[in-house]
Amino acid sequence: MLIIANSLSIHIKNALEQAFPEAASKAHESGSTLDPQLVPASKPEFGDFQVNGALQLAKPLKTSPRSIALAIIEQLQKNKEFLSLCKSPEIAGPGFINLTLKEECLQAEISKQLEDERLGVQSLKSSSTHKERSTVVIDFSSPNIAKEMHVGHLRSTIIGDSIARVLEFRGHKVLRLNHVGDWGTQFGMLIAHLKTVAPEALITADAVELGDLVKFYRQAKQRFDEDIIFQQTSREEVIKLQNGNSKSLKAWKLICDQSRKEFEQIYNRLDIHLEERGESFYNPYLKKVIDDLKDSNLLIVDDGAKCVFLEDITGKDGEALPMIVQKQDGGFNYATTDLAAIRYRFSAIPNGDGAGRVIYVTDAGQANHFAGVFQIAKRAKWIPNEGCLEHVPFGLVQGENGKKLKTRSGETVRLRDLLDEAVDRAETDLRLRLKQEGRIESEAFIKHVANTVGIAAVKYADLSQNRITNYQFSFNKMLALQGNTAPYLLYALVRIAGIARKGGNLQTTIASLKFNEPQEWSLIRELLKFDKVIDEVEEELLPNRLCTYLFELSQIFNRFYDQVPVLKAVEPSRSSRLALCRLTADTLKLGMNLLGIPTLERM
RNA sequence: GGGCCUGUAGCUCAGCGGAUUAGAGCAUCUGACUACGGAUCAGAGGGUCGGGAGUUCGAAUCUCUCCAGGCUCGCCA
């Protein structure tokens, strides 16, 4: 319904300018315009849209808001095009104008949406502006090699995937990058340690499991912290690796392969796909970063380390905070890698990704780090004029006690175990329900439903929360069958599928739709909001807005379903209601698809 | 101490500068199953939007200040 809203906005703006020509031309001279402030109605009883502009214009126009509103309405009454869309506008309260769309208009819109595969959401593919067509890089998930994916990776992975899906659907060219931690000091430690405890792992594929690697990694870390000689050998191993020693590289590759296999299992379960491009990828570009910074006179050697001092960001002592890009020992650190990544991503193809927008989905704790890195990238002039660089932060995952989520024994929770538990719990619930209802279902059905519900619940619980705040993780809440949860949304779809099974042909094309119940109209109005919601998610990168919408749509549908018969209705109501069922199902499916959540016909 | 984030119903959270009455969900209480799956629906109670000041015709929303909590602040990522 964005097109309608835009067209209304233009009509009202014209009316405003016709009513107050002098003020309008004055505004034009100073480079601005009179803004009618058309927004969706704040409450259903106020209609579909409201115009707020009259209140703000009262002072400059030296008239009362109500008389401005009246003048706008007088102009609108002359506009045939406007009158074909809207019922007679009403002045309310101190000077709001309430607009209610005509039923013919809503009906025409819903008919269009029924025919449209994209459900009214415009695609940018036809657009030609450079900014809109350039690549969007989304950096998310980013686990570390030789470690298991744990609950800390959950939010980045799920939120990043959803943002990627929304932008892809809108027609952006999206590069989903997995910036895995596959380089740096930890590999020196690990290789040095493996040489003594499991040398076969360095020359043979599959010699050790990831679980063992994780154990070895912990041991190596401990040795590194306690043993000075081991620290020395570790550093030597890092240097060998970074200099491209073939044996070291082979060992490194084997370790990475082993981790990668494990990551793939998780990504497959979550149905998330991204392109791996780890920190090691940027190794050849690190030196250039230093050279560039030197050339732009940003580089300062302090205490033996090469740094860039940040502007307007101070440390404990109130002095400008340095960002170290090359350590005393000549090694590079993560700031260097991140800078190299930004430089590469914005560089033109084939020496870069040619990105116009780069998005980082990482925890809020890294906000300072990214603020610094972004600032340096800007000062080094690596970001093109139209380029956009954003950190999309999210809060911690907490347990129900409000503390950081841990297992009973105090360890970080493995992502694999977390997903297993969600699926197990979904299965237990399902079996209990089947027993209570006396239903018999195949094992395959039970496993499939439990898996879908479990994964959907985990994803939805995360996405439905505003990502900026900390997130309280609770299996009980996310798997609850009522409330703003995945199972509630899935159930709405199952009900529609049930109607189809009972003989309702959802695919019939309807020549003449006929609606007369308020429940039908409120469902129609909700369905027509979909394009606006997608627009907002794209703009604000807040998937919870989409979740809220889908939940409200499900509620409105359930009300409709409860209060209005579909299959037993007489024509043309029957077909018209079936059409609404179909569009509701399509909207829920598409919406959930954009969240990365699978759906079901039966559960 | 500096920076960033958070503070809204008993709990978990939405909330886009707009309207008498700040919204959901959970929990609590009361109703509704011979219409398509009751995993639902209808309704009730529950709030000084952390405190204070300011900007504005209008503030949960913007600004300042104070209070509380979290994260972060030089060679880990």
Side-chain angles (χ1 to χ4, degrees), chain A residues 37 39-40 42-43 46 50 52 55-56 58-59 64-65 92-96 98 142 144 181 183-186 279 302-307 312-319 321-329 331-335 337-338 362-369 371-372 393 395-396 398 400 402 404 429-430 433 437 439 461 464-466 468-472 474 476-477 480-485 487-488 490-492 494-504 536 540 544-545 547-548 551-552 555 558-569 577-578 581 602-603:
Chain A
Q37 294 189 34
V39 294
S42 58
K43 291 183 185 177
F46 300 148
Q50 61 186 51
N52 297 335
L55 289 98
Q56 211 172 38
K59 203 175 241 181
S64 76
F96 299 100
N98 289 342
S142 309
N144 292 313
W183 207 241
T185 40
Q186 75 266 28
E279 294 170 349
D302 191 76
D303 227 356
K306 288 179 184 152
C307 319
D312 303 319
I313 300 178
T314 53
K316 271 180 191 161
D317 48 7
E319 300 288 310
L321 194 71
M323 185 152 265
I324 292 168
V325 291
Q326 190 165 16
K327 299 184 280 186
Q328 278 178 337
D329 65 4
F332 302 106
N333 59 16
Y334 72 119
T337 310
D338 279 343
T362 75
D363 69 279
Q366 297 190 52
N368 288 345
H369 166 68
L396 291 174
Q398 299 174 319
E400 286 182 84
K404 200 172 171 187
D429 284 356
L430 178 61
R433 176 163 299 280
E437 293 177 4
R439 279 167 65 190
S464 60
Q465 206 115 130
N466 185 320
I468 294 160
T469 53
N470 291 344
Y471 156 52
Q472 203 165 51
S474 160
N476 284 333
K477 281 183 184 160
L481 309 166
Q482 53 279 105
N484 188 3
T485 64
Y488 179 89
L490 290 171
Y491 182 62
V494 164
R495 285 181 133 182
I496 298 170
I499 290 178
R501 277 196 300 276
K502 287 273 164 69
E536 275 177 23
E540 321 255 344
N544 65 303
R545 294 268 169 86
C547 293
T548 302
F551 176 58
E552 281 169 3
Q555 279 186 311
N558 276 329
R559 212 164 293 154
F560 164 86
Y561 179 94
D562 194 61
Q563 296 165 11
V564 181
V566 176
L567 291 177
K568 296 209 170 166
R577 289 172 189 171
L578 281 168
C581 288
R602 287 173 59 231
M603 65 193 280

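A quick note: this is a predicted structure, and the numbers were derived from the prediction, not measured. A, B, ... follow the sequence lines: proteins, then strands. Residue 1 opens every chain.
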Say we look at [N] and [M]: how far apart would their [atom1] atoms be, to the nearest angstrom?
N	M	atom1	answer
rG18(B)	rA59(B)	C1'	9 Å
rU72(B)	rC16(B)	C1'	30 Å
rC49(B)	rU61(B)	C1'	10 Å
rG58(B)	rA19(B)	P	14 Å
rG52(B)	rU8(B)	P	15 Å
rC75(B)	rU12(B)	P	36 Å
rU63(B)	rG17(B)	P	12 Å
rA9(B)	rC4(B)	C1'	29 Å

Please pick, from [options], the nucleotide with the shortest atom-to-atom distance to any side-chain atom of [X].
X	options	value
K327(A)	rC75(B), rC36(B), rA39(B)	rC75(B)
L567(A)	rC36(B), rA77(B), rA39(B)	rC36(B)
I468(A)	rC75(B), rC4(B), rU6(B)	rU6(B)
Y488(A)	rU40(B), rC75(B), rA39(B)	rU40(B)

Mind calculating the distance between [atom1] ([X]) and [atom2] ([N]) to the nearest angstrom?
X	N	atom1	atom2	answer
I324(A)	rC75(B)	CD1	P	6 Å
L490(A)	rU40(B)	CG	P	12 Å
D429(A)	rA39(B)	CG	P	13 Å
I496(A)	rU40(B)	CD1	C1'	14 Å
Y491(A)	rG37(B)	OH	P	8 Å
I499(A)	rA35(B)	CD1	P	14 Å
N484(A)	rC26(B)	CG	P	10 Å

Between [X] and [N], is there a side-chain N or O to OP1/OP2 distance below 4.0 Å?
X	N	value
K477(A)	rC11(B)	no
Q326(A)	rC75(B)	no
R433(A)	rA39(B)	yes

Report, as a single string ordered 5' to 3', how protein heavy atoms within less than 4.0 Å touch nucleotides 59-64 of chain B: B base, S sugar-phosphate only, - not at all. ------
Quick one, give me the B/S/- string for nucleotides 13-19 of chain B, reading 5' to 3', where B means a protein heavy atom under 4.0 Å from the base and S means that only happens at the primed atoms, P, OP1 or OP2. SSS--BB
Heavy atoms only: give me the nearest [X]-[Y] pair and the separation to one decimal.
X	Y	answer
M323(A)	A335(A)	CG-CB, 3.9 Å
Q472(A)	Q465(A)	N-OE1, 4.1 Å
Q50(A)	F46(A)	OE1-CD1, 4.1 Å
P94(A)	P65(A)	O-CB, 3.4 Å
P487(A)	M603(A)	O-CE, 4.1 Å
A569(A)	R577(A)	CB-NH1, 3.5 Å

Within the structure shown, what part of the strands sits under 4.0 Å from [X] by heavy-atom distance: base, sugar-phosphate, or nothing?
X	result
G181(A)	nothing
R439(A)	base
P487(A)	nothing
C307(A)	base
M603(A)	base
Y561(A)	base

Can Y488(A) and N558(A) be counted as having a side-chain donor-acceptor contact under 3.5 angstrom?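 Yes, side-chain donor-acceptor contact under 3.5 Å.
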Given that K568(A) and D312(A) both sit by RNA chain B, which one's nearest nucleotide is further toward the 5' end?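 Here D312(A) is the residue nearer the 5' end.
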Answer yes or no: does atom NZ of K327(A) have more than 12 heavy-atom neighbours from other residues, nucleotides or ligands under 6.0 Å?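 Above 12, so yes.
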What does the list of N/O pairs under 3.5 Å between the protein and nucleotides 30-33 of chain B look like, with a distance for each?
none

Could you state the interatomic distance from OG1 (T469(A)) to CG (L396(A)), rounded to the nearest 0.5 Å?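 These two atoms lie 10.5 Å from each other.
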Taking [X] for its side chain and [Y] for its backbone only, find out whether a donor-acceptor pair lies under 3.5 Å.
X	Y	answer
N333(A)	I324(A)	yes
D363(A)	G365(A)	yes
T485(A)	L481(A)	no
E279(A)	Y334(A)	no
S464(A)	C547(A)	no

Mind checking side-chain hydrogen bond (donor to acceptor under 3.5 Å, both in side chains) for S64(A) and listing every partner two or more places apart, or none if nothing turns up?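 Here the qualifying residues are S67(A).
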Derivation and outcome, side-chain contact (heavy atoms from CB on, under 4.5 Å), residues L55(A) and F96(A): CA-CA 7 Å; L55(A) 289 98; F96(A) 299 100; 4.0 Å; yes
Can you list every stem that RNA chain B is part of, counting only runs of 3 or more consecutive Watson-Crick or G-U wobble pairs with both distances under 3.5 Å?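 Counting only runs of 3 or more consecutive pairs, the stems involving RNA chain B are B:1-7 with B:67-73, B:10-13 with B:23-26, B:28-32 with B:40-44, B:50-54 with B:62-66.
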Carefully, step by step, assess V325(A) and F332(A) under the rule side-chain contact (heavy atoms from CB on, under 4.5 Å). CA-CA 6 Å; V325(A) 291; F332(A) 302 106; over 6 Å; no
Which protein N or O atoms sit under 3.5 Å from an N or O of nucleotides 71-73 of chain B?
{"residue": "rU72(B)", "atom": "O2'", "partner": "N368(A)", "partner atom": "ND2", "Å": "2.8"}

Hey, is the side chain of Y334(A) pairing donor to acceptor with the base of rA77(B) inside 3.5 Å?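 In this structure, the two groups form a donor-acceptor pair.
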So C581(A) and F560(A), do their side chains get closer than 4.5 Å, heavy atoms only?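 Of all side-chain heavy-atom pairs linking C581(A) with F560(A), at least one is under 4.5 Å.
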